Participant: 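Here it is, the structure in full.
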Number of protein chains: 4
Amino acid sequence: MSKGTVVLAYSGGLDTSCILVWLKEQGYDVITYLANIGQDEDFEAARKKAESLGAKKVFIEDLRAEFVEDFIWPAVQANAVYEDRYLMGTAVARPCIGRRQVEIARREGAQFVSHGATGKGNDQIRFELTCYALYPEVKIIAPWRIPEFYNRFRGRIDLMEYAQKHGIPVPVTPRAPWSMDANLMHISYESGILEDPKSHAPDDLYLMTKNPEDSPSTPDLLEIEFKNGVPVKVTNVKEGISKDSPLDIFSYLNEIGGKHGVGRIDIVENRFIGMKSRGIYETPGGTILLKAHLDIETFTMDKEVRRIKQGLGIRFSELVYNGFWYSPECDFVRHCIAKSQENVEGKVQLSVFKGHVYILGRESPKSLYNEELVSMDVQGDYDPCDASGFIRINAVRLREHHRLQGLSSTKQ
Amino acid sequence: MSKGTVVLAYSGGLDTSCILVWLKEQGYDVITYLANIGQDEDFEAARKKAESLGAKKVFIEDLRAEFVEDFIWPAVQANAVYEDRYLMGTAVARPCIGRRQVEIARREGAQFVSHGATGKGNDQIRFELTCYALYPEVKIIAPWRIPEFYNRFRGRIDLMEYAQKHGIPVPVTPRAPWSMDANLMHISYESGILEDPKSHAPDDLYLMTKNPEDSPSTPDLLEIEFKNGVPVKVTNVKEGISKDSPLDIFSYLNEIGGKHGVGRIDIVENRFIGMKSRGIYETPGGTILLKAHLDIETFTMDKEVRRIKQGLGIRFSELVYNGFWYSPECDFVRHCIAKSQENVEGKVQLSVFKGHVYILGRESPKSLYNEELVSMDVQGDYDPCDASGFIRINAVRLREHHRLQGLSSTKQ
Amino acid sequence: MSKGTVVLAYSGGLDTSCILVWLKEQGYDVITYLANIGQDEDFEAARKKAESLGAKKVFIEDLRAEFVEDFIWPAVQANAVYEDRYLMGTAVARPCIGRRQVEIARREGAQFVSHGATGKGNDQIRFELTCYALYPEVKIIAPWRIPEFYNRFRGRIDLMEYAQKHGIPVPVTPRAPWSMDANLMHISYESGILEDPKSHAPDDLYLMTKNPEDSPSTPDLLEIEFKNGVPVKVTNVKEGISKDSPLDIFSYLNEIGGKHGVGRIDIVENRFIGMKSRGIYETPGGTILLKAHLDIETFTMDKEVRRIKQGLGIRFSELVYNGFWYSPECDFVRHCIAKSQENVEGKVQLSVFKGHVYILGRESPKSLYNEELVSMDVQGDYDPCDASGFIRINAVRLREHHRLQGLSSTKQ
Amino acid sequence: MSKGTVVLAYSGGLDTSCILVWLKEQGYDVITYLANIGQDEDFEAARKKAESLGAKKVFIEDLRAEFVEDFIWPAVQANAVYEDRYLMGTAVARPCIGRRQVEIARREGAQFVSHGATGKGNDQIRFELTCYALYPEVKIIAPWRIPEFYNRFRGRIDLMEYAQKHGIPVPVTPRAPWSMDANLMHISYESGILEDPKSHAPDDLYLMTKNPEDSPSTPDLLEIEFKNGVPVKVTNVKEGISKDSPLDIFSYLNEIGGKHGVGRIDIVENRFIGMKSRGIYETPGGTILLKAHLDIETFTMDKEVRRIKQGLGIRFSELVYNGFWYSPECDFVRHCIAKSQENVEGKVQLSVFKGHVYILGRESPKSLYNEELVSMDVQGDYDPCDASGFIRINAVRLREHHRLQGLSSTKQ
């Protein structure tokens with residue numbers, strides 16, 4: 001008698017292969033689900049592996065286009081950055097993966113979902129909040145939080161032994177001394193030797209970006225065109241290449257950013273559960289887009305709308321980082337941010353060179369920039385005398401404050 | 001009969017020299033005041049020029065050390081960045097200059113202060129709010145906002161003619177087709193040919209930083225040590241150089257940052273008076289410090305304190321940009337931010353290369369980072385089962401929300 | 001030769017009658033415009049007066065319904081309160097009045113608008129920002145800021161003399177020793193004897209609300225029904241009266257609130273121009289609605305949406321108080337707030353008695369309140385063990401913080 | 001062999017008496033701890049009961065003075081209100097109780113603390129976060145979250161049976177059909193028949209305040225004097241009574257507020273764990289103080305400091321409600337708020353009548369209110385022409401916005 005059906009987020013690697021077999025051992029029917037969100041993976045090999053390990057069904061889903069349009073684009077609109085630095089390539093991917101997993105679970109009548117995320121990280125939360133929000137009755141099996149599981153598999157050696165015993169193919173190449181999460185938006189590196197926050201990352205760690213020391217000695221010049229705050233076209237000005245579908249645009253920005261070593265950061269961040277952790281990230285295309293979007297946004301958006309929107313963007317980033325993509329508040333904030341982007345339209349020219357992105361110029365049919373108004377050479381419809389009144393009224397309060405302080409210091 | 005004494009913020013250039021003479025013409029006694037805040041200037045020549053033009057007294061004041069300690073350091077603590085990009089080298093300098101000008105005016109019994117800032121910019125506001133706050137009874141003469149002045153001097157040619165007529169030395173080198181403001185922290189460029197927001201800045205514009213295309217092909221490796229959120233020492237690890245006074249530290253960071261082309265930005269920003277303007281800035285040392293401070297701060301500061309402090313830092317930046325350094329609210333925010341920095345202590349290692357700053361590692365005696373707690377290999381004092389409860393309680397609200405939405409969609 | 005046409009916001013009182021005549025004296029054609037926003041006024045007498053004083057045209061416009069629907073309702077959705085206390089009856093009315101004035105000016109081809117607001121207050125700003133936003137080319141004549149005007153009319157006596165000289169009817173009843181602004185939403189009292197902030201307001205000041213000492217000794221019981229965050233029906237439960245158009249609802253709430261002395265406040269507030277001023281307000285209907293809306297909103301809105309919306313509501317209040325109703329940021333905030341109100345629906349029961357509003361109960365088809373979930377007697381779909389994990393994870397950070405503090409205190 | 005020593009927060013009631021006995025049954029030594037924070041309790045009877053039930057030690061601690069000074073006063077400074085309505089009488093008391101419990105546990109060498117809070121509420125969190133923060137190694141026994149306990153005691157009947165079996169005195173008076181939490185600051189009522197959010201609270205529910213229908217028909221007139229944002233003296237102006245120690249002041253305000261029926265609210269609030277719950281509260285003295293503090297604060301605090309402080313106060317309220325009194329962020333916020341109160345000094349006169357508090361006037365040696373500056377009758381050091389410039393500069397942005405919109409609508 002089966003205990004029920006589990007849809008397991010399956011990566012094809014050792015951990016989730018062991019989980020697959022272990023779940024079957026526990027009496028579950030297991031459906032594996034592998035999302036293609038742009039990671040470098042042999043999906044067909046993973047399919048065969050899952051089948052050979054007894055998966056009842058195997059789903060391999062290409063989510064790349066919806067990952068860009070439904071998840072990365074809203075992050076671009078928000079200038080989403082966690083704690084001033086992290087562009088959240090992993091945080092943005094989790095709800096995308098979880099959404100489809102829940103769809104499969106509902107369609108297949110599975111009461112359970114499972115994943116291989118650890119018990120100290122953010123991903124378990126992002127994953128499970130997505131599942132609970134979209135499928136409130138679902139039951140979640142998180143083996144790395146189940147004592148019978150984590151006490152049995154205390155280290156990689158235990159997994160290897162179990163794999164050999166159960167005919168699970170064991171990786172032949174030695175594992176990197178850190179863990180990694182890759183998708184279209186970024187690769188993250190953490191754990192292992194990186195846990196020492198003062199150790200420098202090894203040179204050969206990065207897979208998505210060139211070392212700026214070895215990157216080309218001439219820049220690429222790009223023009224990115226935005227509409228409603230999202231890119232609708234990217235052009236390599238010198239090479240005459242251009243792209244205009246979301247997936248193509250983002251992939252091309254990754255290519256150029258990667259070639260020039262853009263988007264590497266090494267940070268300590270605060271996890272939702274209250275620990276500090278050290279993470280290294282490379283986000284080439286996302287970094288270019290962040291810079292370009294910031295530029296066109298400030299160019300076209302009213303100053304005060306921008307201030308309010310900046311606060312909403314920070315809130316959005318915290319929500320996404322913490323796993324609340326599918327929450328009423330994140331829906332609300334996304335709606336507000338999208339509204340703010342209605343006039344964020346125009347073209348930004350930038351150069352990409354040696355790990356850095358340089359904004360060179362911008363133009364827009366919707367800009368609030370008024371060359372005549374701001375000109376030092378033309379007075380235009382602006383009376384400088386008004387500024388005197390403006391300043392003096394702004395000073396009323398400051399002078400009153402001083403008056404009081406003067407009085408009190410006189411008295412002493 | 002003199003109309004009174006004016007302390008004029010004097011740069012030594014054509015504009016303020018004409019203002020000096022014009023003020024005398026209007027019947028004022030003029031004291032000139034030239035602050036050395038690190039700009040490249042022949043101060044002795046300026047002194048002689050002012051004297052020859054009839055200044056009653058000439059003050060030339062070296063404010064570089066207090067500029068760093070009293071103004072740049074609080075900005076470092078705040079991670080002060082206006083509109084996500086501008087490090088505010090000009091905005092931070094104005095209250096420093098204004099404070100001394102007011103001291104001189106009070107000491108010399110001058111009822112007036114004057115300056116050469118234009119009527120469309122931010123600097124007039126920053127300057128005058130400082131004066132009104134610190135010397136509430138002062139009267140301000142802003143010639144570029146006085147019709148008799150600005151109607152007489154409609155362009156540079158009018159100034160040149162006036163200069164020739166009044167024996168004011170006229171600059172022999174042709175002026176750059178933009179305007180510039182330089183100090184220890186940055187150089188800003190705006191106006192003239194830069195007013196077209198899509199035109200690219202010419203290559204020869206930058207004076208403080210090398211073009212990254214021509215900068216050294218090997219990085220410099222620095223270690224910056226912080227205490228109370230400000231740098232107390234910088235060491236060039238390979239070259240064995242180190243600096244430990246505020247002015248030396250900042251100057252050395254400018255040198256290294258400048259050598260590697262760090263800190264160039266080209267932006268459109270929103271002025272306080274509600275115009276958008278295009279500015280190009282280079283802030284080499286400040287950019288290095290911002291990155292390093294962000295790193296050590298996140299490493300040592302509690303997550304939730306950081307969130308609140310981030311909001312205060314944004315507020316601080318807006319206040320400083322708008323000219324409210326000397327205001328009760330900016331005092332208050334500075335106090336709160338300084339309080340937040342008590343544990344911001346430790347060392348950051350970073351490399352500077354080709355226009356970019358790469359954080360490599362950090363250490364601190366005050367860090368909240370707990371390597372054992374976060375380790376994937378050690379369980380430590382952490383029970384992964386707790387995370388299940390944490391997630392499920394966080395999901396209570398999300399599931400309720402869905403329940404309601406499910407009900408309403410069922411009804412339809 | 002006329003200098004052009006002015007649309008003057010005309011109240012029928014002494015000040016604006018003098019302004020009318022004075023403007024004509026200056027050579028303008030004057031159109032008077034009097035908005036009926038619910039103040040107690042003899043509109044026909046005002047019309048005749050304006051005509052007799054030489055107004056080229058006289059517009060008297062009943063804006064009461066649009067005042068409620070377009071201005072008060074958004075304030076209700078926002079829980080708009082300035083500085084925690086003031087419900088902004090005047091601030092909300094100004095853009096309503098200004099919008100129509102600008103429509104008339106455009107329609108009549110008038111290049112000028114004028115008003116009788118003083119030069120120290122908020123209303124001049126609210127009024128003029130509305131005009132500049134909706135009619136950017138308009139020229140504004142604010143006599144109380146024009147030296148020739150205010151130097152001529154230094155006190156009420158000067159106005160009286162001028163009136164007598166120019167056949168302007170002079171009020172026969174003595175003026176109250178304070179000034180007043182009345183509309184459907186509130187009456188405000190300020191200036192005169194109220195300028196001393198420690199003096200108590202005289203008993204006979206209030207016109208819209210009964211003194212609670214004399215108000216009925218039995219409460220009225222109301223039920224207010226909301227949809228999209230605005231009231232759609234009010235029912236007096238005991239008396240069986242009900243109202244369902246916006247104007248009727250608001251007027252009825254004023255009647256009941258007034259009868260029971262609800263909504264009186266005596267405050268010192270901070271004007272936009274940086275002065276503190278003392279104001280006394282009575283806002284009977286608005287106060288009842290604020291309490292009722294807060295209740296239904298918290299009942300139906302997600303907790304975290306509420307937190308974000310609370311911040312937006314505060315921002316909205318500041319914007320409206322400062323006169324920025326017609327600004328891109330206020331448009332944006334209003335849009336966001338309206339979005340947040342989609343589920344704010346249901347009925348609130350409350351009693352009104354002796355100056356106070358008591359919420360008694362509420363119900364809603366859209367509530368997120370789940371009686372079973374929260375019940376102490378039923379466990380429902382809630383596992384109390386989850387709370388242990390929730391608390392322990394929330395404590396991770398607190399314990400780390402203590403660990404560090406413990407270490408540092410040990411070292412000392 | 002004892003399993004160790006538990007310090008049990010003991011109320012003297014049925015629940016914690018059963019827990020006491022049950023803990024002993026489980027093999028623990030039990031120390032009972034009963035905090036006197038102003039609730040109406042026979043403390044000596046409770047002591048005897050605890051002793052008779054086998055408590056190893058019994059601590060009864062009078063915390064009233066420190067409750068007022070260390071917990072209520074900071075809440076007054078913050079204008080602490082959760083979700084716009086709840087004054088948090090319970091939330092503020094929990095860290096006060098927990099702090100002493102942890103002190104006792106440390107002193108007595110107890111490894112465990114225990115309490116009778118339920119598994120769905122906020123109090124378990126407030127209590128336990130306090131304990132974890134101040135005694136990170138402590139172990140917490142929360143019986144209402146332990147399956148063996150809550151499955152054994154499914155209702156009151158089970159507790160009664162257990163009590164009878166173990167010689168625990170059983171209450172003779174029937175229990176109210178709701179639960180209650182009382183302290184010096186407030187009484188809260190929830191659960192039972194109150195769980196239906198539309199049911200009205202019964203008239204006889206309130207114990208701390210008179211029904212305003214039956215309260216005196218003449219007001220009491222109070223003057224409250226503040227220093228550093230906290231009351232230092234209260235005077236009943238007509239009766240000539242005055243109090244000046246914190247506990248006396250607060251108790252007297254409770255007496256007057258209670259006599260006049262002040263501070264009753266009936267709300268639905270959002271618990272930290274994401275449920276909505278209905279609560280009824282009466283906070284007589286706290287309500288008077290909130291109104292008075294708001295008044296003196298606005299009177300003496302700079303406008304912009306106030307805006308920033310308002311945001312911090314909201315954050316403080318959320319933190320306290322959620323149980324984070326002892327957290328780095330709450331320490332930080334409290335420090336900032338205390339700083340903001342340095343000039344919050346002066347006297348407020350108010351009347352208390354029929355459930356409401358009316359502010360009548362205020363005075364302060366530190367006020368920023370300038371009667372001459374704001375006067376309509378005196379011009380003072382204020383040039384009304386400045387306001388024209390102020391308004392026109394504020395309109396620059398609005399007019400630009402319109403210009404763009406006009407352009408785009410023309411094009412369509």
Side-chain angles (χ1 to χ4, degrees), chain C residues 83-85 118-120 124-125 128-129 132-133 136 142 144-145 150 191 195-200 212 266 268-270 273-277 294 298-299 303 327-328 353-356 358-363 368-369 371 373-376 382 384-385 387-388 391 394-395 398-399 401-403, chain D residues 83-85 118-120 124-125 128-129 132-133 136 144-145 150 191 195-200 212 264 266 268-270 273-277 294 298-299 303 327-328 353-356 359-363 368-369 371 373-376 382 384-385 387-388 390-391 394-395 398-399 401-403:
Chain C
E83 293 189 338
D84 291 316
R85 295 185 292 182
T118 66
K120 286 182 173 175
Q124 54 177 345
I125 308 172
E128 296 180 22
L129 291 183
Y132 284 131
W144 288 116
R145 293 199 313 259
Y150 66 71
S191 306
E195 279 171 5
D196 174 358
K198 72 174 183 298
S199 73
H200 297 195
D266 177 328
V268 169
E269 75 201 53
N270 289 294
I273 55 170
M275 291 171 185
K276 291 188 185 289
S277 75
L294 263 175
T298 311
F299 192 50
K303 177 193 179 193
S327 66
F353 177 64
K354 290 281 180 194
H356 207 67
Y358 299 87
I359 302 297
L360 302 173
R362 73 291 291 164
E363 62 187 306
L368 288 158
Y369 184 92
E371 203 169 325
L373 177 64
V374 79
S375 172
M376 303 264 280
Y382 180 86
C385 301
S388 304
I391 297 168
N394 272 298
L398 311 186
R399 296 165 80 202
H401 180 72
H402 184 278
R403 183 186 61 81
Chain D
E83 293 188 340
D84 292 313
R85 297 186 290 180
T118 66
K120 286 182 174 176
Q124 54 177 345
I125 308 172
E128 297 181 20
L129 290 182
Y132 284 131
W144 288 117
R145 294 199 312 257
Y150 66 70
S191 307
E195 279 170 6
D196 174 0
K198 73 172 182 298
S199 71
H200 297 194
R264 296 177 166 198
D266 177 328
V268 169
E269 75 201 53
N270 289 294
I273 55 171
M275 290 172 188
K276 291 188 184 290
S277 75
L294 264 175
T298 310
F299 191 51
K303 178 193 178 194
S327 66
F353 178 63
K354 290 283 181 193
H356 207 68
I359 302 297
L360 302 174
R362 73 290 291 164
E363 62 186 306
L368 289 158
Y369 184 93
E371 204 169 324
L373 176 64
V374 80
S375 172
M376 303 264 280
Y382 180 86
C385 301
S388 304
F390 180 70
I391 297 169
N394 273 298
L398 311 186
R399 295 164 81 203
H401 180 71
H402 183 277
R403 182 186 60 82

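Please read all numbers here as calculations on a predicted model, not as lab measurements.
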Participant: Select one option (side chain, backbone, both, neither) describing which atoms of C:Tyr369 are under 4.5 Å from chain D's heavy atoms.
Facilitator: both
Participant: With a 4.5 angstrom heavy-atom cut-off, could you sort out which part of C:Tyr358 is near chain D: side chain, backbone, both or neither?
Facilitator: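 Side chain of C:Tyr358 only, per the 4.5 Å heavy-atom cut-off to chain D.
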Participant: Check D:Glu195 against C:Val374 and note the closest heavy-atom contact, atom names and distance.
Facilitator: OE2-O, 4.3 Å
Participant: Rounded at 0.5 Å granularity, tell me how far CD1 in C:Ile391 sits from CD in D:Gln124.
Facilitator: 4.5 Å
Participant: Please flag which part of C:Ala133 lies under 4.5 Å from any non-hydrogen atom of chain D: side chain, backbone, both or neither.
Facilitator: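 Contact with chain D: backbone and side chain both.
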Participant: Could you list the residues that satisfy side-chain contact (heavy atoms from CB on, under 4.5 Å) with D:Asn270, not counting sequence neighbours?
Facilitator: C:Thr298, C:Lys303, C:Arg306, D:Tyr82, D:Glu83, D:Lys276
Participant: Measure C:His401 against the heavy atoms of chain D and call it side chain, backbone, both or neither at under 4.5 Å.
Facilitator: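 Looking at C:His401, just its side chain touches chain D.
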Participant: Roughly how far, to the nearest 0.5 Å, is the CD atom of D:Glu363 from the CG atom of C:Asp196?
Facilitator: 9.0 Å
Participant: Distance from C:Ile125 atom CD1 to D:Phe390 atom CZ, nearest 0.5 Å?
Facilitator: 5.0 Å
Participant: Holding to side-chain contact (heavy atoms from CB on, under 4.5 Å), I want the full list of residues that pass it with C:Thr118, two or more places apart in sequence or in another chain.
Facilitator: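 So C:Thr118 forms a side-chain contact (heavy atoms from CB on, under 4.5 Å) with D:Met376.
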Participant: Identify which part of D:Tyr382 has an atom lying under 4.5 Å from any heavy atom of chain C, answering side chain, backbone, both or neither.
Facilitator: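 The answer is the side chain of D:Tyr382.
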Participant: Taking D:Ile359, D:Asp84, D:Ile273 one by one, which has the highest count of heavy-atom pairs under 4.5 Å against chain C?
Facilitator: D:Asp84
Participant: For chain C, which candidate among D:Ser199, D:Gly119, D:Pro136, D:Ala387 shows the most heavy-atom pairs at distances under 4.5 Å?
Facilitator: D:Pro136
Participant: To check you understand the geometry: which heavy-atom pair defines the closest contact between C:Pro197 and D:Glu371, and what is its length?
Facilitator: CD-OE1, 3.9 Å
Participant: Looking only at heavy atoms and a cut-off of under 4.5 Å, which of C:Ser191, C:Pro328, C:Gly355 has the most pairs with chain D?
Facilitator: C:Pro328
Participant: Is there a side-chain contact between D:Leu398 and C:Tyr132 in this structure, where contact means two heavy atoms from C-beta onward sitting under 4.5 Å apart?
Facilitator: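 When only atoms from C-beta onward are counted, C:Tyr132 and D:Leu398 do not touch, as no gap falls below 4.5 Å.
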Participant: Check C:Pro384 against D:Arg145 and note the closest heavy-atom contact, atom names and distance.
Facilitator: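 That closest heavy-atom pairing would be O-CD, 3.1 Å.
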Participant: Quick check for you: among C:Ser388, C:Gly274, C:Ser327, which has the greatest number of heavy-atom pairs under 4.5 Å with chain D?
Facilitator: C:Ser388
Participant: Can you see which heavy atom on C:Leu373 is nearest to which on D:Lys120, and at what distance?
Facilitator: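 Reported closest heavy-atom pair: O-NZ, 2.8 Å.
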Participant: Between C:Arg85, C:Glu128, C:His356, C:Arg362, which residue shows the highest count of heavy-atom pairs closer than 4.5 Å to chain D?
Facilitator: C:Arg362
